Amino acid sequence: MHPMTHTPTILFDLDGTLADTALDLTETMNVVLTRHGRARVPHEKVREMVGGGARKIMERGFAYTGEPASDKLLDQLFEEFLAYYGDHLADHTQIFDGLVPVLETLQRDGFKLGVVTNKVEGLSRDVIKLLGLDAFFPVLIGGDTLPVRKPDPAPLFEAIDRLNGNRSHAVMVGDSPFDIDAAKNANVGSIAVSFGYTHIPPAEMGADRLIDHYDEFMPALNSLLEEMQAP
């Protein structure tokens, strides 16, 4: 294990970080849009709309295809999204290449691992289980677990506390400003992945480290942890 005073806690986002969920999210969004007389949104455009949870996805989808949705309509769209998505969680979703060996290494070396996502907790647990990743993550904080979500630091603090971790030895891994800003607000380390979903270029999010493939993860993490414990 990495020689540190406390065992490091590594928190992962879900969509666009652990798994490529965009195709299933795209289809769900488009099913709901077409029900309401809107045009389908191309897959490559939806990738820019993912982040912040289902309500945010539908808000962006409606704004992209015409008049923005009211708060009342967004409540309805959110429920419709969850109902359809719940039946199609992993039709096309795949774990990112190289992730599992990283998780196996972290688990073997005793790192504390958790998931912090803005996707609702119940669906997040279902996705993690369907992907066969649940054994790696004893703690999962979803978008509805607490009254607030990323970029608020509270979900990160909650995950660290449930893992009996230490905030000064924690790192958030994600693909969007929600993740990196949450890490900054929590004053924990951050690693951004370049292959997820963001409307901001990954290099401009201000993460402590940026990786293009999970093959680069352990060297990036080790150098970050060394930097974090430097006097």
Side-chain angles (χ1 to χ4, degrees), residues 12-94 96 115-128 130-131 140-155 174-182 185 192-202 204-206:
F12 289 85
D13 176 49
L14 175 48
D15 296 307
T17 301
L18 292 176
D20 189 354
T21 56
L23 278 174
D24 290 314
L25 294 170
T26 295
E27 186 56 27
T28 301
M29 176 190 189
N30 281 324
V31 164
V32 177
L33 284 173
T34 53
R35 282 181 190 166
H36 292 266
R38 296 296 178 94
R40 291 176 65 91
V41 177
H43 170 63
E44 60 274 9
K45 187 65 184 176
V46 180
R47 293 182 74 91
E48 300 174 14
M49 298 181 181
V50 176
R55 185 185 175 93
K56 205 70 180 174
I57 293 173
M58 292 311 308
E59 179 183 335
R60 293 169 182 145
F62 254 66
Y64 181 77
T65 56
E67 186 173 345
S70 65
D71 285 344
K72 183 178 180 180
L73 179 56
L74 277 175
D75 290 340
Q76 178 185 340
L77 296 172
F78 176 70
E79 294 302 325
E80 290 184 33
F81 187 104
L82 295 187
Y84 184 88
Y85 185 60
D87 292 329
H88 302 272
L89 285 173
D91 290 357
H92 307 286
T93 289
Q94 293 187 331
F96 283 113
V115 172
V116 181
T117 174
N118 280 348
K119 187 195 292 288
V120 296
E121 181 179 341
L123 292 181
S124 299
R125 291 189 182 281
D126 290 343
V127 171
I128 291 292
L130 283 168
L131 295 174
L140 185 151
I141 305 297
D144 57 345
T145 305
L146 303 177
V148 294
R149 307 185 303 167
K150 297 176 298 184
D152 193 286
D175 66 309
S176 78
F178 291 97
D179 307 310
I180 306 310
D181 289 347
N185 293 336
V193 301
S194 67
F195 41 79
Y197 321 131
T198 173
H199 58 285
I200 296 175
E204 296 178 12
M205 291 192 291

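Reckoned from all heavy atoms, side chains included, excluding hydrogens, waters and symmetry mates. Just so we're clear, the structure is a prediction, and the values are computed from it rather than from any experiment.
Lys150 and Asp179 are joined by a salt bridge, as a carboxylate oxygen and a charged side-chain nitrogen come within less than 4.0 angstrom of each other. Using a 4.0 Å cut-off between charged nitrogen and carboxylate oxygen, Asp75 and Arg55 count as a salt-bridge pair.
Side chains of Thr17 and Asp175: a donor on one and an acceptor on the other come within 3.5 Å.
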Inset, instruction - Mind running side-chain contact (heavy atoms from CB on, under 4.5 Å) on Lys119 and Tyr85 for me, showing each step along the way? - result: CA-CA 11 Å; Lys119 187 195 292 288; Tyr85 185 60; 2.8 Å; yes

Inset, instruction - List the steps and the verdict of side-chain contact (heavy atoms from CB on, under 4.5 Å) for Glu67 and Phe62. - result: CA-CA 7 Å; Glu67 186 173 345; Phe62 254 66; over 6 Å; no

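For Asp24, there are no salt bridge (charged side-chain N to carboxylate O under 4.0 Å, His left out) partners, not counting sequence neighbours.
When Leu73, Leu74, Leu77 are each tested for a side chain to side chain contact (heavy atoms under 4.5 Å, CB included) with Glu59, only one passes: Leu74. For the side chain to side chain contact (heavy atoms under 4.5 Å, CB included) with Pro155, the lone residue among Thr145, Asn118, Leu146 that qualifies is Leu146.
The shortest distance between side-chain heavy atoms of Val193 and Asp13 does not fall below 4.5 Å. Counting heavy atoms from C-beta on, the side chains of Thr65 and Arg40 never come closer than 4.5 Å. Side-chain contact between Tyr84 and Arg35 is present, with heavy atoms from C-beta onward closer than 4.5 Å.
Judged by distance alone, the side chain of Tyr197 and the main-chain N or O of Thr21 form a donor-acceptor pair under 3.5 Å.
Separating the NE2 atom in His36 from the CD atom in Glu80 is a distance of 3.5 Å, to the nearest 0.5 Å.
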